Number of protein chains: 2
Amino acid sequence: MADVAEKAGVSRALVSIVFRNQAGAGQETRERVLRVADEIGYRPDNAARLLARGRSRTLGVMFTVQQTFHTDLITGIYPEAERLGYDVLLSGATHGRSEAKAVEALLSHRCEAVILLGPDAEPAFLDELGQRTVAVSVSRRVPRARVDFVHSAEGKGVRQAMDHLVELGHRRIVHIDGGRGPGSAERRRAYRAAMRRHGLEAEARVIPGHHTEESGVETGRLLLAERDGGRPLPTAVLAGNDRCAMGLLMALTRAGVEVPRDLSVVGYDDSHLSHLMPIGLTTVRQDALLMAEHAVRFAVERLEERDREPREAVLDPKLVVRGTSGPAPEGPCPA
Amino acid sequence: MADVAEKAGVSRALVSIVFRNQAGAGQETRERVLRVADEIGYRPDNAARLLARGRSRTLGVMFTVQQTFHTDLITGIYPEAERLGYDVLLSGATHGRSEAKAVEALLSHRCEAVILLGPDAEPAFLDELGQRTVAVSVSRRVPRARVDFVHSAEGKGVRQAMDHLVELGHRRIVHIDGGRGPGSAERRRAYRAAMRRHGLEAEARVIPGHHTEESGVETGRLLLAERDGGRPLPTAVLAGNDRCAMGLLMALTRAGVEVPRDLSVVGYDDSHLSHLMPIGLTTVRQDALLMAEHAVRFAVERLEERDREPREAVLDPKLVVRGTSGPAPEGPCPA
DNA sequence: GCGCGCTACTAGCGCGCTCTAGTTCGAGTA
DNA sequence: TACTCGAACTAGAGCGCGCTAGTAGCGCGC
């Protein structure tokens with residue numbers, strides 16, 4: 001920077017002004033400074049910048065690598081953050097790199113706020129984080145923590161899916177649970193409520209699982225084993241999310257079960273996996289772009305107005321009917 | 001930091017020593033400092049740290065959101081970087097956020113080296129980047145640029161796939177090209193060579209495409225239209241990558257073409273999509289973990305020994321036979 | 001001629017840390 | 001006793017910027 005200043009015949013402060021696009025520099029000087037900087041190959045150093053100005057204007061995003069829905073969200077986070085003048089830093093939680101570690105990395109890089117995509121951490125951890133900094137949780141509700149929250153109305157999504165299935169004549173509808181996964185608890189509750197509402201309480205069954213393909217495969221195996229033991233297959237399965245649904249489909253199709261003729265499957269997320277299936281996965285769409293925008297806006301607004309209370313955004317999901325759901329094997333029989 | 005120092009009754013320098021785990025502090029003092037820091041809630045500020053020590057020990061990783069293979073790579077990058085004492089910063093290229101922008105973000109955050117996952121940028125850009133900093137390209141060869149390079153032996157992978165198909169009796173084998181995608185040129189070349197080697201030169205056909213599901217779908221439509229126009233379907237397709245293969249499968253299966261009975265499909269990458277298909281995608285596996293480790297090691301070693309020449313690592317891929325490849329419809333007929 | 005306001009610019013402190021070059025002190029050695 | 005030496009600790013400069021408070025110069029109205 002000093003070099004640029006000298007070569008352009010101005011002071012460092014002036015160079016600083018030019019690079020911050022601040023008023024107080026003549027047009028001519030401005031151009032000269034930029035030209036010289038380009039020649040020398042000077043680019044402002046972010047670390048020093050952050051240090052000097054106290055604020056980093058950087059949002060940290062923690063996500064789970066492999067979760068395709070998260071990449072959809074990230075795609076939406078970048079432009080919205082840029083629009084509001086914020087930088088974005090990504091930190092992935094993976095096998096062997098815990099969420100805590102990922103978040104720690106973000107904080108030590110001076111992120112002013114953290115956006116957590118489908119966090120799986122302890123509520124206590126999240127609350128503490130919320131006290132320490134501005135935090136937004138996407139997809140996972142954290143009851144009493146000081147954390148903004150963006151999610152889709154899980155209940156509504158599940159209800160739409162269930163109504164769709166019941167309308168198709170399904171009665172033996174099973175739900176694969178998402179365990180501690182984001183949204184699972186709400187989905188499970190909504191499933192139970194829907195079964196009750198349709199008078200299918202006796203048929204209700206929640207199979208424990210989680211939001212991975214493996215879980216779907218396992219459940220598939222379980223159901224097949226039960227069938228071989230005499231218990232009939234369910235006619236429809238509401239999976240915990242798309243990945244789980246995909247695993248289930250794989251296991252069933254391999255065993256000769258035809259979807260949707262023998263059994264219907266509904267996923268959740270409408271991650272870009274959904275339309276990959278040859279027949280297309282019927283699923284509940286969450287508007288990732290909109291969720292991302294809300295998350296960013298919440299973070300930024302809490303940043304600019306520090307004592308503001310955390311808020312909650314609930315977006316309406318929408319059932320997307322594709323090829324994996326069809327009439328119940330027994331044919332329609334209105335309950 | 002000053003607060004911690006004061007409260008612990010030591011100098012700031014000593015606190016610094018403790019937090020850097022450096023020799024020069026008594027065991028007792030060390031514990032006291034850490035305890036006080038914890039009480040106050042002090043955590044060292046990375047920006048200041050970087051600034052002060054001149055080196056950031058941070059690797060930047062540019063990846064393409066949505067590319068599942070990249071997430072596989074990232075999973076491998078984190079632990080290896082940590083092992084070598086480096087921090088990792090992620091920056092995604094998405095729709096509307098160019099690779100240049102993503103890289104710029106990394107550099108301005110003081111990354112010492114950049115690892116580019118399947119970069120799609122101009123060779124000139126990459127070369128310039130290589131001059132400016134330590135850069136490693138994964139999957140994409142950059143002819144004369146000052147950039148390390150990690151990839152799998154595309155030729156070998158394609159050859160294995162082609163041998164597999166020919167062995168199954170296929171002769172009309174089509175290749176969907178990956179356009180400018182990483183590895184495409186090599187794969188195309190190897191496909192042509194394999195066809196020639198098997199005396200199928202006359203049957204060789206490369207359909208332009210790229211590494212996305214959409215491209216696969218389009219090609220599927222094209223082939224079906226051609227069939228309806230009288231030109232027979234190929235008996236096997238070697239797709240540019242897994243995503244393309246998935247799209248193709250979707251299009252074909254929807255139209256009633258049965259895989260692998262009517263047509264075999266082979267992908268490339270063995271991204272975690274591959275085992276999702278009900279019947280499992282036959283594909284060429286690239287060892288993401290190993291590639292990630294090499295990339296990190298290259299970057300670090302060039303960092304520690306600055307005048308070292310860029311290197312190239314070529315890893316052997318392996319054909320993974322799953323359900324989408326089977327005997328040619330006409331039955332085996334050794335060429 | 002004077003003060004006024006305005007634009008274009010500058011000096012220099014401080015952000016939170018690391019690091020070099022010390023100082024202090026007690027144990028070991030001749 | 002006089003010294004060396006290493007371990008434990010400290011003072012203070014400096015990393016590359018942003019920012020506040022200021023100065024220089026100029027046209028303006030009275």
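Side-chain atoms are counted along with the backbone in the values below, which use heavy atoms only and exclude waters and symmetry mates. Note that the coordinates shown come from a computational prediction; the quantities given were computed from them, not determined experimentally. Order of the sequence lines sets the chain letters (A, B, ...), proteins ahead of strands, with each chain counted from 1.
By the 4.0 Å N-to-carboxylate-O rule, A:R35 lies too far from A:E31 to be salt-bridged with it. Salt bridge annotation for A:E39-A:K7: present, with a cationic side-chain nitrogen under 4.0 angstrom from a carboxylate oxygen.
The shortest distance between the side-chain N/O atoms of A:R20 and the OP1/OP2 oxygens of D:dC19 is below 4.0 Å. In terms of phosphate contacts, A:S16 brings no side-chain nitrogen or oxygen within less than 4.0 Å of OP1 or OP2 of D:dC17. Contact annotation: B:S11 side-chain N/O to D:dC9 OP1/OP2 distance is not under 4.0 Å.
Within 3.5 Å, no donor on the side chain of A:R53 pairs with an acceptor on the base of D:dG16, nor the reverse.
To the nearest angstrom, P of D:dG14 lies 17 Å from CG of A:L51. Between B:Q22 atom CD and C:dC17 atom P the separation is 16 Å, expressed in whole Å. In this structure, A:R57 atom CZ and C:dC15 atom P are separated by 21 Å, rounded to whole Å.
Among the heavy atoms of the strands lying under 4.0 Å from B:A25 are primed sugar atoms or P, OP1, OP2 only; no base atom is included. Contacts of A:G24 with the nucleic acid, taken as non-hydrogen atoms under 4.0 Å apart, include base atoms.
In the model, A:R243 has no side-chain atom that pairs as donor or acceptor with a side-chain atom of A:S271 under 3.5 Å. Under the 3.5 Å distance criterion, with hydrogens and angles disregarded, no donor-acceptor pair is assigned to the side chains of B:H211 and B:D269.
Among the nucleotides C:dC9, D:dG18, C:dC17, the one closest to the side chain of A:R49 is D:dG18. The side chain of B:R12 has C:dT18 as its nearest neighbour among D:dA11, C:dT18, D:dG16. Side chain of B:T29, nearest nucleotide from C:dT10, D:dC9, C:dC17: D:dC9.
Here D:dA21 sits opposite C:dT10 as a Watson-Crick or G-U wobble pair (both hydrogen-bonding atom distances under 3.5 Å). Checking D:dC30 for Watson-Crick or G-U wobble geometry (two distances, each under 3.5 Å) identifies C:dG1 as its partner.
Residue A:E122 qualifies as open at atom CD: its count of foreign heavy atoms under 6.0 Å is 12 or below.
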